[in-house]
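Only this structure's heavy atoms are used, side chains among them; waters, hydrogens and symmetry mates stay out.
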Amino acid sequence: MNEKQQKLDIRYMQMARIWAENSYCERRQVGALLVKNKMIISDGYNGTPSGFENKCEDENNVSKSYVLHAEANAITKIARSHNSSDGATLYVTASPCIECAKLIIQAGIKRVIYGEKYRIMDGVELLERAGIEVVFLES
C-alpha cells in the first residue's frame with residue numbers, strides 16, 4: 001500500500017469514528033463510510049430502523065434484535081440511491097460480523113478497513129475467504 005493511500009485510510013477512519021457519534025446506542029457506537037474514487041458515497045451508524053425509537057438497548061441493557069449495524073445501514077442506503085458500491089472501500093470502526101460480511105460481499109465492496117477487533121472474528125475470516133482486502137487500522 002502506498003503512503004498516500006495509507007494517509008487517506010487514516011483520515012476516512014477518523015471520519016467514520018466521528019460519524020459513529022451519531023449513534024444512540026449506549027453499549028457501543030459504530031460508524032461506517034463507503035468510499036469510491038475518493039468520494040464518500042454512503043455512510044451509516046448502528047441504530048434502530050427508520051421510524052423506530054432511538055433506543056438500542058432493552059431494560060436489561062441488551063441490544064434489541066432489530067438494531068441495524070453501521071455497515072448494513074451504509075449498504076442499504078447506497079442501495080436506495082443511484083450509486084453503486086461495486087469496487088468501493090468500506091471504513092468501519094469495528095470489525096464486521098458474519099451477517100454484515102455477507103452483505104459486504106454481495107455489495108461488491110473490494111476493501112474493508114476496520115479500527116477495532118470484535119471478540120468474534122468470523123466476519124473478517126469470511127471477507128478474506130471471498131478475496132476482499134481486509135485491513136486492521138489501529139487508532
Side-chain angles (χ1 to χ4, degrees):
M1 183 182 347
N2 65 39
E3 188 178 331
K4 187 174 184 178
Q5 183 61 58
Q6 196 170 18
K7 284 183 180 181
L8 284 172
D9 287 347
I10 291 167
R11 289 187 182 122
Y12 284 125
M13 183 59 73
Q14 289 171 332
M15 293 167 68
R17 286 189 178 101
I18 291 168
W19 203 245
E21 295 173 11
N22 288 315
S23 172
Y24 288 92
C25 297
E26 294 174 12
R27 291 179 57 218
R28 168 176 279 188
Q29 294 180 312
V30 180
L33 293 179
L34 261 174
V35 176
K36 187 173 177 179
N37 300 323
K38 297 181 184 174
M39 290 186 306
I40 298 170
I41 59 171
S42 189
D43 55 60
Y45 50 87
N46 57 326
T48 56
S50 298
F52 282 67
E53 74 290 347
N54 286 325
K55 181 119 177 76
C56 299
E57 295 84 14
D58 63 18
E59 60 280 350
N60 298 316
N61 202 32
V62 175
S63 290
K64 295 177 180 175
S65 61
Y66 51 87
V67 169
L68 289 161
H69 290 185
E71 308 93 301
N73 266 327
I75 291 168
T76 55
K77 194 182 229 182
I78 194 82
R80 292 181 67 175
S81 75
H82 296 289
N83 287 319
S84 167
S85 57
D86 198 41
T89 297
L90 176 70
Y91 295 88
V92 61
T93 58
S95 58
C97 71
I98 193 85
E99 294 301 319
C100 288
K102 291 188 272 186
L103 291 174
I104 291 164
I105 292 164
Q106 290 301 99
I109 295 165
K110 295 301 175 200
R111 290 179 77 226
V112 175
I113 315 299
Y114 68 97
E116 179 184 320
K117 291 182 180 180
Y118 190 60
R119 60 183 167 81
I120 304 169
M121 296 297 288
D122 55 356
V124 169
E125 292 166 9
L126 185 65
L127 293 172
E128 290 171 341
R129 182 175 166 198
I132 294 171
E133 180 186 349
V134 182
V135 178
F136 173 52
L137 188 64
E138 286 185 275
S139 55

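- Every side chain to side chain contact (heavy atoms under 4.5 Å, CB included) that Ala32 has, sequence neighbours left out, goes to Ala70, Ala74, Leu90, Val92.
- Side chains of Ile78 and Ile41 form a contact here, defined as non-hydrogen atoms less than 4.5 Å apart.
- Side-chain atoms of Ile113 and Met13, non-hydrogen and from C-beta on, do get closer than 4.5 Å to each other.
- Taking the side chain as every heavy atom from C-beta outward, Ser63 and Arg27 approach each other to under 4.5 Å.
- With sequence neighbours excluded, the residues satisfying ring pair (Phe, Tyr, Trp, His ring centres under 6.0 Å) with Phe136 are Tyr114.
- A side-chain hydrogen bond (donor to acceptor under 3.5 Å, both in side chains) check over residues 115-132, counting only residues at least two apart or in different chains, returns the pairs Arg28-Glu116.
- Side chains of Ser42 and Ile75 form no contact here, defined as non-hydrogen atoms less than 4.5 Å apart.
- A side-chain hydrogen bond (donor to acceptor under 3.5 Å, both in side chains) check over residues 44-56, counting only residues at least two apart or in different chains, returns the pairs Ser23-Asn46, Glu53-Lys64, Glu53-Tyr66.
- Proximity of Cys97 to Glu99: side-chain heavy atoms (C-beta onward) are separated by under 4.5 Å at one or more points.
- Looking at heavy atoms from C-beta onward, Val135 lies out of side-chain contact with Val112 at the 4.5 angstrom threshold.
- Put simply, the side chain of Leu8 reaches to within 4.5 Å of the side chain of Lys38, judged on heavy atoms.
- For residues 80-97, the side-chain hydrogen bond (donor to acceptor under 3.5 Å, both in side chains) pairs, not counting sequence neighbours, are Asp9-Tyr91.
- Evaluation of the salt bridge (Lys or Arg N to Asp or Glu O under 4.0 Å) rule for Lys77 yields Asp43 as partners, not counting sequence neighbours.
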